[in-house]
Amino acid sequence: MPELPEVETVRRGLAPVLEGAVIRQVKINRPDLRFPFPDGFAERITGRIIHALSRRAKYLLAELDDGNVIAMHLGMSGSFQAFPVEQGGGEPMGRFHHPRSTDPQHDHVVLNVEKADAVSSVIYNDPRRFGYMTLLGRHEMDSHPLFARLGIEPTGNSLDGVTIATLFAGKAAPLKAALLDQRLIAGLGNIYVCEALWHAGLSPRRAAGTIASASGKASARSDRLAEAVRDVIGRAIEAGGSSLRDHRLTDGSLGYFQHSFNVYDREDMTCARPGCDGTVRRIVQSGRSTFFCPACQR
DNA sequence: CCGACTACCTGCCCGC
DNA sequence: TGCGGGCAGGTAGTCG
């Protein structure tokens, strides 16, 4: 599922429930996701207060009051949903499968949290288990292997034509691969790379090093690409991400950016660019589908 | 170092 | 209806 816009959507959905909440109970339904949970994971986060829920690239970060950070990656199929828990009667805090969970088989982690006397269950579901969670010290963030080599965020103003020209200078790899490389720009995935290249009118097969001017500085191409990336990511976040298959917001509703796709999953359809009569093609690059219009993406 | 490829895991969809 | 193959939003590890 999730690229940066989906993770940011999850963060915005969970923040009101988690920020300022105390973790009352943690249930881990299996020893591992993609990687084993750290030793004592459940015990070490139980009783902690979550000061802030932030995001770096495709990682969700729960910053705890003891200086540790829970880093969570959703892999391909991870999702969170938050449910209010009725209090009084029964033992709601002890419940693992929430009655409203639609896929209890893959509910791997349940956090019961309390904030202002309201109790919520926050459930992590992940059928393919490519996601993972770990716990690290706040001050380890810059040196930790998961984060040390992450590139710049594609949001805000940090990504401009100069930056992207510099990052891609001398690269023989195709633009598609360079944009997916988390060490250069962190947070893009298959969908939004395809969409950004379409908006920029650039071929996914073009060598990344060729978007700079002859002197290696920013060019019309690098400016266009930087703007396309920022614009696609920004609009996708506003739309609540893209809901393919199973991606849902934390309240169970659907994002709607998939209705704004111009090339992704549109093989054989006519190019959406006004005045272009090209046909969207699907090719495979480094083992992954790329969708693009050969007529207007050069 | 770079770039291409494989593996990880489950579910779904399509064609036969 | 059942079955095999291909495909899926990510990335760590390996290999040339």
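Only a predicted model underlies this, so the values are computations on that prediction, with no experimental measurement involved. Reminder, nothing fancy here: chain letters follow the sequence lines and each chain counts from 1.
- For the OP1/OP2 pair of B:dA4 and a distance below 4.0 Å, the side-chain nitrogens and oxygens of A:Gln285 include no atom meeting the criterion.
- Taking the six-membered ring where the residue is Trp, A:Tyr132 and A:His73 present parallel rings, their angle staying beneath 30° rather than reaching 60°.
- Separation of the P atoms belonging to C:dT14 and B:dC9 is 16 Å when rounded to the nearest angstrom.
- Going from atom NZ of A:Lys176 over to atom P of C:dG10 covers 9 Å, rounded to whole Å.
- Rounded to an integer number of Å, the gap from A:Leu74 CG to C:dT11 P is 10 Å.
- Checking B:dG11, B:dA4, C:dC7 against every side-chain atom of A:His106, the shortest atom distance belongs to B:dG11.
- Here A:Lys27 does not pair with A:Asp107 in a salt bridge; the nearest charged N to carboxylate O distance is not below 4.0 Å.
- For A:Gln105, counting side-chain heavy atoms from C-beta on, the closest listed nucleotide (C:dA12, B:dG11, C:dG9) is B:dG11.
- Between A:Arg288 and C:dG10 there is a side-chain polar atom (N or O) within less than 4.0 angstrom of OP1 or OP2.
- Between the side chain of A:Arg129 and the base of B:dT10 there is no donor-acceptor pair of N/O atoms closer than 3.5 Å.
- Put simply, A:Tyr132 has no side-chain N or O that comes within less than 4.0 Å of OP1 or OP2 on B:dC8.
- Spacing between atom CG of A:Asn125 and atom P of B:dC9 amounts to 17 Å, rounded to whole angstrom units.
- Ranking B:dA4, C:dG10, C:dA8 by closeness to the A:Pro174 side chain, first place goes to B:dA4.
- Counting only heavy atoms from C-beta on, A:His73 has its side chain closest to C:dT11 among B:dG3, C:dG9, C:dT11.
- Relative to the side chain of A:Glu6, the nucleotides C:dA12, C:dG9, B:dG11 differ in distance, and C:dG9 lies closest.
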Check your understanding: After noting the C-alpha distance and the side-chain angles of A:Ile164 and A:Asp160, does the key distance pass the side chain to side chain contact (heavy atoms under 4.5 Å, CB included) rule?
Key -> CA-CA 6 Å; A:Ile164 213 167; A:Asp160 58 20; over 6 Å; no
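- Under a 4.0 Å N-O distance rule, the pair A:Lys58/A:Glu6 does not qualify as a salt bridge.
- Counting only heavy atoms from C-beta on, A:Ser289 has its side chain closest to C:dC7 among C:dC7, C:dA12, B:dC2.
- The same atom, P, is picked in B:dC5 and in C:dC7; the two are 14 Å apart, to the nearest Å.
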Exercise for review: Whenever both distances are under 3.5 Å in a Watson-Crick or G-U wobble pair, mark it; put DNA chain B into dot-bracket that way, with [ ] for crossing pairs and | when the partner is on another strand.
Suggested key: .|||||||.|||||||
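- Side-chain proximity of A:Arg282 to C:dA12, C:dC7, C:dG10: nearest is C:dC7.
- Separating the CG atom of A:Asp265 from the P atom of B:dC12 is a distance of 17 Å, rounded to the nearest angstrom.
- Spacing between atom CD1 of A:Ile283 and atom P of B:dA4 amounts to 12 Å, rounded to whole angstrom units.
- OP1 or OP2 of C:dT11 has at least one side-chain nitrogen or oxygen of A:Lys58 nearer than 4.0 Å.
- A stacking contact between A:Phe130 and B:dC9 is absent: the pair does not combine a ring-centre distance of less than 5.5 Å to the base's six-membered ring with planes differing by less than 30°.
- Residue A:Leu4 contributes atom CG, which lies 11 Å from atom P of C:dG10 at whole-angstrom precision.
- Sorted by first and then second residue, the side chain to side chain donor-acceptor pair (under 3.5 Å) pairs involving residues 287-298 of chain A (not counting sequence neighbours) are A:Lys176-A:Thr290, A:Arg282-A:Ser289, A:Gln285-A:Thr290.
- Nucleotides C:dG9 and B:dG3 place their C1' atoms 22 Å apart, quoted to the nearest Å.
- The base of C:dA8 sits within donor-acceptor range of the side chain of A:Arg128, with an N or O pair under 3.5 Å.
- A:Tyr192 has no side-chain polar atom (N or O) that falls below the 4.0 Å cut-off from OP1 or OP2 of C:dG9.
- Mapping A:Gln182 and A:Gly287 onto DNA chain C by nearest heavy atom places A:Gly287 at the nucleotide closer to the 5' end.
- To the nearest angstrom, P of B:dT10 lies 12 Å from CG of A:Asp103.
- Between A:Asp126 and A:Arg128 there is no salt bridge, since none of the side-chain N atoms of the basic residue sits less than 4.0 Å from a carboxylate O of the acidic one.
- For the residue pair A:Glu63 / A:Ser54, a side-chain donor-acceptor distance below 3.5 Å is found, with atom types taken as modelled.
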Exercise for review: Could you walk me through whether A:Arg56 and A:Leu150 pass side chain to side chain contact (heavy atoms under 4.5 Å, CB included), step by step?
Suggested key: CA-CA 9 Å; A:Arg56 171 75 171 104; A:Leu150 285 180; 3.5 Å; yes
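- Ring-plane geometry between A:Tyr192 and A:Phe257 is classed as tilted, the angle between the planes lying from 30 to 60 degrees on a 0 to 90 degree scale.
- Atom CG in A:Asp181 sits about 11 Å away from atom P in C:dT11, given to the nearest Å.
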